[in-house]
Amino acid sequence: MSDNSKVRTRFAPSPTGYLHLGSIRTALFCYLFAKSKSGQFVWRLEDTDQERFVSGAEAQMRQVFDWLGIAPDEGPEIGGEFGPYRQSERLKLYQRFAHELVDQGLAYYSDLNQAVIEEAKLKAKQDKRSFVFRGEDFDRQLGDNRANVPIRFRMSKVVGDTVTWKDSIRGEQTVNLSTIEDFILIKSDGYPTYNFANVIDDHLMQVSDVIRAEEFIASTPKHQLLYQSLGFAVPNFLHLPIVLGEDKKKLSKRSGASDLMLLKHQGYLPNAIVNYLALLGWNPGSTQEVFSLSQLVAAFNPKSLQVSPAIYNQERLDWFNTQHLRMLGMQELVEVFKPLIKDYFDPEWEASRNFLSNPDDIAYLERILTVEKDKITNPKQYIDKIYFLYRRPKFDQTVLDRFDLDKADFEVVVERLLAVLESNQDWEKGELINLVKGFIKSSGLSTKFVMMSLRASLTSQLGAMGIYDIMVLLGRQESLARLNQALEE
RNA sequence: GGCCCCAUCGUCUAGAGGCCUAGGACGCCGGGUUUUCAUCCCGGAAACCGCGGGUUCGAAUCCCGCUGGGGUCACCA
């Protein structure tokens with residue numbers, strides 16, 4: 001199946017929970033692979049586990065694709081000529097192929113008691129050897145009632161000693177047949193197992209390249225056997241390395257930012273996440289780091305895919321986010337910040353329910369962002385920094401301690417500063433700079449001390465934005481009020 | 001434990017026998033710009049290429065062993 005004109009990849013998650021960064025990266029590579037070859041990217045839902053099914057998971061996945069821009073060409077709800085795309089809606093298909101194998105003697109009904117197998121398994125463990133279940137050892141007569149009886153693949157019918165396949169980035173792989181058990185094709189509830197449904201669907205949906213995570217390498221020999229037995233053409237296989245958390249353990253919900261929607265709420269841009277993920281385990285063959293999705297499609301080459309695991313690193317993601325933040329226009333930037341600001345205020349400030357629905361609020365936000373546009377590196381943290389613009393912070397002795405300012409000196413400066421500033425009506429940036437500079441010069445005080453005093457009075461916090469911008473944004477009345485408040489304390 | 005996969009700065013990576021006294025990026029440290037914060041700019045430290053053997057005139061690059069890490073051993077995917 002090396003027909004380049006019909007490249008089709010597929011992302012086939014099970015709806016058992018939220019997609020984490022690792023699986024999203026797998027989806028991304030499937031997408032990039034297909035699109036870089038003008039192929040199709042198919043989304044299939046592997047909902048064959050009735051017990052672990054999580055309703056809402058499918059919708060969440062859809063949301064993720066939409067937000068990231070990794071649009072599947074086919075899938076549940078989306079449709080396509082190879083549907084349905086939910087495995088639970090394809091049960092008859094799997095049954096048909098399973099029965100075909102049974103008729104050929106390549107599979108059999110196996111109603112063996114689970115306890116018997118467990119016992120054999122335990123014994124194998126005691127003997128320090130691996131347990132490989134083969135029906136022959138447990139053969140028994142089956143009555144007429146075959147309902148609720150699982151179907152197993154019959155290994156004894158397979159000819160040869162080994163199975164071999166070629167992984168697109170790992171090379172030739174060989175596994176000894178003796179390590180493969182009579183695995184289950186159809187479960188007793190009539191649903192297919194992953195191993196079986198996967199092969200049937202990839203064939204029926206004409207998938208040319210099976211791109212999935214490393215953890216599936218171990219089950220690939222079973223798939224090979226199935227392709228052979230069913231007489232299906234074998235697609236290309238490519239197993240991606242897994243993504244490890246910062247603790248070097250497999251990425252999980254607990255690894256922090258594994259929930260994409262959480263990242264979204266923290267002001268991370270979809271392009272930044274895509275960019276970061278793409279460069280985690282792949283390189284463009286140049287020193288270029290910043291890419292848009294379409295640039296990634298153009299640059300993508302599976303040959304540069306890494307074969308060893310990569311560790312997720314938030315700081316690097318942050319950097320990519322900054323890069324993509326800088327490329328945004330003002331309107332887009334406002335859209336990023338609107339929900340963040342709203343989230344920040346809503347819980348503590350009832351009156352803010354309507355916050356940002358007022359055009360004045362949007363205009364104010366826009367004024368802030370215009371000043372700060374090229375300085376923001378982390379949206380979520382940034383809100384903390386500019387909080388003082390929205391609400392007057394409490395001023396007390398601890399503020400002075402934080403700034404390492406002497407109380408007596410501080411009061412004298414603020415008092416004199418206040419006199420100078422009050423005399424000014426314009427409150428325009430250039431004028432304020434002249435005023436303060438003039439004051440510094442005539443007073444003979446150090447710039448740092450004066451600026452720090454101003455900063456302490458106006459914001460009560462270290463490190464926000466430039467002083468003059470703060471004064472302008474706050475306005476004359478509020479600025480003077482804060483200076484006065486600092487004096488009273 | 002069996003089987004399988006992997007191994008270059010803390011992290012993401014370049015490197016497909018001589019271009020490597022190992023390059024880039026994130027982070028970190030130092031300096032400069034900003035008479036304040038941040039941004040930005042410049043510089044620096046950081047991998048004796050996991051270890052040990054080979055092959056070769058020559059190895060991060062090829063081979064073998066070891067060690068370490070990971071995956072997988074379900075009527076889960």
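Note that the structure is a prediction, hence the values are computed from the model and not measured. Quick note: numbers below take in every heavy atom, side chains included, and nothing from hydrogens, waters or symmetry partners. In the text below, chain A, chain B and the rest are named by the order of the sequence lines, each starting its count at 1.
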Does the structure show a Watson-Crick or G-U wobble partner for [N], both distances under 3.5 Å? Name it, or say none.
N	value
B:A59	none
B:A16	none
B:G1	B:C73
B:U36	none
B:A45	none
B:A22	none
B:G52	B:C64

Nearest-nucleotide check on RNA chain B, A:P13 vs A:E289; residue mapping nearer the 5' end is A:E289
Taking only N and O in the side chain of [X], is any of them less than 4.0 Å away from OP1 or OP2 of [N]?
X	N	answer
A:R170	B:C4	no
A:K187	B:A77	yes
A:Q306	B:C6	no
A:N283	B:U13	no
A:T287	B:A14	no
A:Q173	B:C4	no

Remember a base hit wins even if backbone is also touched, and classify [X] as base, sugar-phosphate or nothing at under 4.0 Å, heavy atoms.
X	answer
A:S188	base
A:I217	sugar-phosphate
A:F216	base
A:R212	nothing
A:G281	sugar-phosphate
A:T48	sugar-phosphate

Between [M] and [N], how far apart are the [atom1] atoms? Round to whole Å, please.
N	M	atom1	result
B:U11	B:C49	P	16 Å
B:G68	B:A59	C1'	22 Å
B:C48	B:C20	C1'	13 Å
B:A16	B:U55	P	24 Å
B:A38	B:G32	P	14 Å
B:G24	B:C62	C1'	27 Å
B:G50	B:U13	P	15 Å
B:C51	B:A7	C1'	12 Å

Pair [X] and [Y], ring centroids less than 6.0 Å apart:
X	Y	answer
A:F300	A:W282	yes
A:Y194	A:F216	yes
A:F337	A:Y364	no

Under 3.5 Å, N/O pairs linking protein and nucleotides 34-37 of chain B:
from: B:U35; atom 1: O2; to: A:T447; atom 2: OG1; distance (Å): 3.0
from: B:U36; atom 1: O2; to: A:R455; atom 2: NH2; distance (Å): 2.7
from: B:U36; atom 1: O2; to: A:I467; atom 2: N; distance (Å): 3.3
from: B:U36; atom 1: N3; to: A:I467; atom 2: N; distance (Å): 3.3
from: B:C37; atom 1: O4'; to: A:R455; atom 2: NH2; distance (Å): 3.1
from: B:C37; atom 1: O2'; to: A:A464; atom 2: N; distance (Å): 3.4
from: B:C37; atom 1: O2'; to: A:A464; atom 2: O; distance (Å): 3.2
from: B:C37; atom 1: O2; to: A:A464; atom 2: O; distance (Å): 2.8
from: B:C37; atom 1: O2; to: A:G466; atom 2: N; distance (Å): 3.4

>> Distance criterion of 3.5 Å, no angle test: do you see the side chain of A:T179 paired donor-to-acceptor with the base of B:C3?
In response: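 Answer is no: no donor-acceptor pair is held.
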Measuring from the side chain of [X] (C-beta onward, heavy atoms only), which nucleotide among [options] has the closest atom?
X	options	value
A:D49	B:C40, B:C6, B:A77	B:A77
A:I242	B:G71, B:A7, B:U13	B:G71
A:V307	B:U72, B:C75, B:A7	B:A7

Spacing between [X] atom [atom1] and [N] atom [atom2], to the nearest angstrom:
X	N	atom1	atom2	value
A:D318	B:A25	CG	P	18 Å
A:D202	B:A77	CG	C1'	13 Å
A:I186	B:C75	CD1	P	14 Å
A:E214	B:C6	CD	P	8 Å
A:L325	B:U39	CG	C1'	13 Å
A:I311	B:C9	CD1	C1'	13 Å
A:D384	B:A38	CG	C1'	16 Å

Can we say [X] and [Y] salt-bridge, meaning some charged N sits less than 4.0 Å from an Asp/Glu carboxylate O?
X	Y	value
A:D201	A:R90	yes
A:R316	A:E289	yes
A:R392	A:E478	yes
A:E46	A:R10	no
A:E58	A:R86	yes

Quiz prompt | A:E428 side chain vs A:G430 backbone, donor-acceptor pair below 3.5 Å | solution = yes
Test ring-ring contact (aromatic ring centres under 6.0 Å, His included) applied to A:F410 and A:F449, A:F395, A:F403, the passing residue |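 When A:F449, A:F395, A:F403 are each tested with A:F410, the ring-ring contact (aromatic ring centres under 6.0 Å, His included) holds only for A:F395.
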- Task: Report, as yes or no, whether the 6.0 Å neighbourhood of atom CD on A:E51 holds more than 12 heavy atoms from other residues, nucleotides or ligands.
- Result: no
Residue that, paired with A:E181, satisfies salt bridge (charged side-chain N to carboxylate O under 4.0 Å, His left out) out of A:R134, A:R152, A:K222: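 Running salt bridge (charged side-chain N to carboxylate O under 4.0 Å, His left out) over A:R134, A:R152, A:K222 with A:E181 returns exactly one hit, A:K222.
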Salt bridge (charged side-chain N to carboxylate O under 4.0 Å, His left out) with A:D469: of A:K429, A:R455, A:K373, only one passes, and it is A:K429
Pairwise N/O distances under 3.5 Å, protein to nucleotides 26-30 of chain B:
from: B:C26; atom 1: OP1; to: A:W319; atom 2: NE1; distance (Å): 3.3
from: B:C26; atom 1: O2'; to: A:E315; atom 2: O; distance (Å): 3.3
from: B:C26; atom 1: O2'; to: A:R316; atom 2: N; distance (Å): 3.3

